[in-house]
Visitor: 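Just dropping this structure here.
Here is the naming used below: chain letters follow the sequence lines, and residue numbers restart at 1 for every chain.
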Amino acid sequence: MPEFIQNFELTAWWILAIKLIVVLTVVPVGALAGGYALHKVMAHLQHRLGPMYAGGFHGWAQTLADGIKFVLKEDIIPEKADKPVFKYAPAIIFIPILLLYLVIPVDRRLIVQDLDVGLFYLLAVSSIPAIGILMAGWSSANKYALIGALRSAAQLIAYELPIVLSAATVAMLAGTLSVVGIVEAQDWPFLFWPPGIGLIAFIIFFAGSVAEMNLPPFDMPVAESEIITGAFTEYSGMRFIFGYFFAETAHMIAFSGLAVTFFLGGYRPIVPWEPLTVIPGIVWFMLKLFVMVFLYLWVRPTFPRLREDQLQKFAWKGLIPGSLGLILVAGAWILYAPEWLWH
Amino acid sequence: MTQIRTPEDVAREVAEGGLATQQMILNVGPQHPATHGVFRLLATIDGEILAEAEPVIGYMHRGYEKLVEARDYRQITNLVSRMDWLSGFNNELPLAMALETLMEIEVPPRAQWLRVVMLEMNRILNHLMFFASFGAELGAITPTFYAFREREDIQLAMESATGGRMHFGFMRPGGLKEDVPRGFIAQALKSVRQVIARLDQYEDLLVGNEIFKQRTVDVGVLSREQVMSYGVSGPIARGSGVSDDVRKDEPYLVYDRFDFNVPIGHSGDCFDRFWVLVHEVVESARIVEQAIEGLPAGPVLGKVPRVIQAPEGEVYVRAENPLGELGYYLASDGDRRPYRLKIRTPSFNNVSVLPEVLRGTFVADMIAILGSFFFVLGDIDR
Amino acid sequence: MSVQERVSAEEAVERLRSTLGDDVGDVEVRFGHLDATCSAENLRHVMTTLRDEPGLRFEFFTFLSAIDRSEFGGPDKPDKHGGLELIVHLYSPAHVLHINVRVPLDLADPRCESISAIYRGANWHEREMRDMFGIQFEGHPNLTGIYLPEDFEGHPGLRSFKLPNRAFIKPWPGAKDPEEAAAGGR
Amino acid sequence: MALDEREVQREMDAAAHKLRKEKKRTYGIGLLKGLAVTLRHLFKHNTVIEYPDVKQDLPSRTRGVIALKEENCTVCMLCARECPDWCIYIDSHKETLPPKRAGGRPRKRNVLDRFAIDYALCMYCGICVEVCPYDALFWSREFEYAEYDIRELTHEKEKLSDWMATVLPPPALEEGALLPGQPEPPAPAAPSGDGAAAVPAGDTGAAEMKPASAARPATQTASAAEVRPEQAADAPKAPSAVQEPAGSEHEQAPAPAATSATQVEEGQPPTKAETEAPAGSAAATEPEAQTRAVRESGDSPSATARGEATGEIETPAPAAVPTPTEDPDEVYETVLKDQLEAGSSPQVAEARAKVARVKAERGVRRAPTPIETEKKVPSAPVTGHFTEPVPGGAPAAEEPKPEQGPVEPTDEEKGPDG
């Protein structure tokens, strides 16, 4: 299959189009599956069953049914809203998340486009949704939405840096900005080598990505007990689900993919044992992806949320100095670590 | 990066008029996820900081004090259990005690002990509810489900005895409506022990959690002086180091025979209030165990006239409700109906202190403080 | 820590008499609680003394309420009918004492000094009494309605205010015959 | 109980210390502990009841809906008068029936035309069920009767009668409960210091010494039995440790006086029927003499065996048929027993007994058997032979009676207070 795509005798544009169509179908399906996982995993963590009816078997079609319901619902736009901004804000949230999927290598060859500056691309694109949230909040003509939007903007500024810096650490160690290159450069045991650096970078990346996605414990922009759903207070129907719910799950899966790619060895087997290479890379990738998604889902219902000022404190006083220090350590490792330690 | 100001700084700046920014009035409620009912808070905010907060109540005012003047005592018993819908059985008790005082009815021992069992179970029900909702208000929704599972078992025991899940209507002047059914005691013991056994785990979820501590420690400090001046009572007052508990100070029923502690906080912040609440669950569970162990045999209803008709007189009877001191000032002119029944509900006094506590806190803290001022709207509005 | 010395009600009556003298009217003990009357003019002074006097220390504000006694005893006993009475209930956690302070007010034009500066908790209670009985508390910082809408007519706490649903909206279904139904229930 | 100041201070200090310790932030450990708690629940067996498919077994006292046993209703209007919400509507007319015997007087009876409850108004307090003197109203566990329109929530007597089929009999009472008519237990013995004379609770010999007639069934529910041993382990005051007869008059009576398992009305045959139960006033005023009721440890073989043997409630043997010159109290007791045996609920039995006593006091001769067994069902206390409530919805098919509906008693029967 990968070979087939690579050898397809068509212009690059055609190939790109086909790949895009694949992504555009895979992502919503993935988001639906992610939504279902969200329902079920959270329910069982909370000693519940979650959806049990839609579709018959353990409510597998629940998110599908939800999606259809939301799509069919009336689209209400507040009278005082800034209508064009209000209308397009969900698109600006959702489309960049789709674009993230373009550079995640599911297998060595199974990637939409392996950019030379893949890492830059990823980080640039991943920060756009926050602008959409700001737009949504500002245009809603609602005080709660405004507070949520401002919180979101503050959060974006605070948490973009740790993510960038921790990814930069990885890029330094790998010696490349290409995403496939990063995967290839990682060695067993991925996360724990070089000792300490990988793990700390992973933790910083994880915390930053949770904040970036507005998941608990950093979900202040949508904190429902404080400001209803923040920027999405006035949204309903399809715009709500694309701006909030779909975006959240799609974002979560995308970031899980990134974490797998940067830290967990991507599509490579978890142990460097010859027989395991028979299993295709996509299976390994999916397995690792599930673990990451579960991690996000596990943290989500367990923790209370921080306060806005505490979040800022945590970012500026904890994560950013930490990640800067980590870059120093990584540089020292690159310069001074003896050759035999590298592999 | 601007310097993060403490609430005190901002309050001072606002007072000096030196702050150039404009204040915004944020209307929290009457329909808001963090208020347990139709409770409205007019918050004047400056960015994320509350400059002023004014609670607006009365959306649920049902005029109990007037309604009871047209109803006889049996009907009132069922009415008052709807005031604080989380502690229905506790609400009924002071009314029964007031009538027993005026009519000089003696309550049989079995009834007294059973009352204690059910009162404390009701207290656990109530506290677990606030344990659940406080977590949910801080963003941790999982404790809600765990607490509700424990509540369910207790509630089933209560239902098997009284037939109701929230409004028990089981209290009668002179005792109880009827005896408990077989299996009640086993179920009650089981459910209560379960709570004790599992509560530690759930505490790990919240009380031991660093994020929770960041959100609650030194937030919303209520001083001892405020407690006294506003008449704040219950776990909120005890969180501020006031050790008043009617069960200990003026023991009613048979509370003086049980070995239990009154957990007391010392700094009056949200954490202490919550800590007191959680530990009261354990103490209540201990009382239930002791009361069941010592449950005497006998009737559950004393010698009560057919028609409950209090003689002329006035009495104030109070009891330790889960949320604080609940008292009834009963003025009877000898009729089947009270001439006047002043209902002193704990939440009304407790909530009246909120403007002082909320001044100068963050919006997020406002939610934490509202959550830690365990109140029930029906109890405020009556 | 709170309970320091349990004082019997009789002893407390003595202390009350010795500190307040004639500022309070008759003091008696009802069901273990002190019961004193005082005039509306003296209320603030009495409250301050009760709170600050070390032998009494009624620091805990329990409630403030009122009773309209104009129908007390029913129509059969007109001799018992009285006027409006303000009741302030205080508690002394240090000595485990209760006191009811009764303040007779004029039913036609009830006014009283606000005690919300002494016991801040009285603030809301006084607003409630203003709603329910129309009592005007002088010196109250914000005497507005608390339970009732501002355009509500009448004061439901007064005996002259009848509950409409019991009086005329719906016939009493428990009536055995039309006459009883016409009487409007019990 | 005066609180010792120092003790309080110490307690508070300890609490404050504990609190201070808990307030320390331990960075990371608390978070991991929380994660462990939720993860543990992921693998726990779920206790969710999948409601529309699986229904919870609600207790029989559950106040779900009020069912009407139509033929028991005498249109006395008590329920409608006592209802706090005025939500019961009753219409009726009077009907004159020919005399039963030749030469008798024609009888009148009320015929129920309409009985409706507006469940939109009902506050489910149960006062109507409680006050009904003729056992016509019952609580049913049904709760699924939602409607789309609030006006459709007014249910007429047909619907109310249909619910009668779902009414469960009242549950058996917990050990130590006192049914009306049963004599009160003697004030239980207080545990005293000297353990020498202590008779261990649950002692086989002691159990056998009990007067058989007074022994109330001690059937422990299985769950109760399994709870006890742990309790014995937990509780500092282990059950069997402190039990001892106090008064000399109880010497021969085995003293686990208030062992909750046996909770018996020991010894002391009923000298006087005191069902209104002025709960041992001596006991109430003298707290120390009060029971520190101690439970029998559940593993006592005799207890369980005895419990199984007498698996149903034995009411005391009925007294002889009262003579015309009867003692009111005796009448009371007899009627009560009869009623209980006939299957009335305790409250109803008590009410009827009181009526009988009043009649006896006033010299009204009691009719031979004014207590019909018509309500063997649903209000009957659970006894061993009880099987199932007779559906009240189809009463005519069950017992064809010449005249349905309650018959107003003739003046003679009615008595002065009727």
Visitor: Take B/Q226 and C/R120, measure what side-chain contact (heavy atoms from CB on, under 4.5 Å) needs, and give me the verdict at the end.
Guide: CA-CA 8 Å; B/Q226 283 170 324; C/R120 279 170 286 162; 4.3 Å; yes
Visitor: B/S352 versus C/H125: any side-chain heavy-atom pair under 4.5 Å?
Guide: no
Visitor: Under a 4.5 Å heavy-atom cutoff, which of B/G327, B/P55, B/A237 has the most pairs with chain C?
Guide: B/P55
Visitor: Is the shortest heavy-atom distance from the side chain of C/W124 to the side chain of B/V351 under 4.5 Å?
Guide: yes
Visitor: So which part of B/D335 gets closer than 4.5 Å to some heavy atom of chain C, the side chain, the backbone, both or neither?
Guide: neither
Visitor: Given a strict heavy-atom distance threshold of 4.5 Å, which part of C/F72 is in contact with chain B: side chain, backbone, both, or neither?
Guide: both
Visitor: For B/E104, look at atom CD and say whether over 12 heavy atoms of other residues, nucleotides or ligands are found less than 6.0 Å away.
Guide: no
Visitor: When the ring planes of B/H61 and C/Y147 are compared, do they come out parallel, tilted or perpendicular, using 30° and 60° as the limits?
Guide: parallel
Visitor: Salt bridge check: are C/R69 and B/E314 linked by an N-O gap of less than 4.0 Å?
Guide: yes
Visitor: If we only count heavy atoms from C-beta on, is the C/I87 to B/Y316 side-chain gap below 4.5 Å?
Guide: no
Visitor: The test is side-chain contact (heavy atoms from CB on, under 4.5 Å); show your working for C/Y91 and B/D249 and say whether it passes.
Guide: CA-CA 12 Å; C/Y91 173 58; B/D249 295 347; 3.6 Å; yes
Visitor: Write down the atom of C/F60, the atom of B/S233, and the distance for their closest heavy-atom approach.
Guide: CZ-CB, 3.9 Å
Visitor: How far apart are the closest heavy atoms of C/P93 and B/D244, and which atoms are they?
Guide: CB-OD2, 3.3 Å
Visitor: Measuring from atom OH of C/Y119 to atom CG of B/N349, what distance do you get when rounded to the nearest 0.5 angstrom?
Guide: 13.0 Å
Visitor: Could you tell me if B/R318 sits above the aromatic ring of C/F63, with its cationic atom closer than 6.0 Å to the ring centre and no more than 45 degrees from the axis?
Guide: no
Visitor: Looking at C/P156, is its backbone amide N or carbonyl O close enough to the side chain of B/K66 to form a donor-acceptor pair, meaning the two atoms are under 3.5 Å apart?
Guide: yes
Visitor: For the interface with chain C, which of B/G313, B/G231, B/G58, B/G63 has the highest count of heavy-atom pairs at distances below 4.5 Å?
Guide: B/G231
Visitor: Ring centres of C/H89 and B/Y329 under 6.0 Å apart?
Guide: no
Visitor: I'd like to verify something: which residue of B/L102, B/I57, B/V56 has the highest number of heavy-atom pairs under 4.5 Å with chain C?
Guide: B/I57
Visitor: For each of C/D131, C/D68, C/L90, C/D35, tally heavy-atom pairs with chain B at distances under 4.5 Å, and name the one with the top tally.
Guide: C/D68
Visitor: Select one option (side chain, backbone, both, neither) describing which atoms of C/L64 are under 4.5 Å from chain B's heavy atoms.
Guide: backbone
Visitor: With a 4.5 angstrom heavy-atom cut-off, is it the side chain or the backbone of C/E71 that approaches chain B, or both, or neither?
Guide: both
Visitor: Holding to ring pair (Phe, Tyr, Trp, His ring centres under 6.0 Å), I want the full list of residues that pass it with B/Y252, two or more places apart in sequence or in another chain.
Guide: B/Y255
Visitor: Would you call B/E69 and C/R159 a side-chain contact if the rule is heavy atoms closer than 4.5 Å?
Guide: yes
Visitor: Heavy-atom distance under 4.5 Å to chain C: side chain of B/Y59, backbone, both or neither?
Guide: neither
Visitor: Does any heavy atom of chain C fall under 4.5 Å from the side chain of B/V353, the backbone, both, or neither of them?
Guide: neither
Visitor: Check B/R344 against C/T62 and note the closest heavy-atom contact, atom names and distance.
Guide: NE-O, 2.9 Å
Visitor: Tell me, for B/V232 versus chain C, whether the close heavy atoms (under 4.5 Å) come from the side chain, the backbone, both or neither.
Guide: backbone
Visitor: Is the closest basic N to carboxylate O distance between C/E85 and B/R340 below 4.0 Å?
Guide: no
Visitor: Which bit of C/N100 comes within less than 4.5 Å of chain B, counting heavy atoms only: side chain, backbone, both or neither?
Guide: side chain
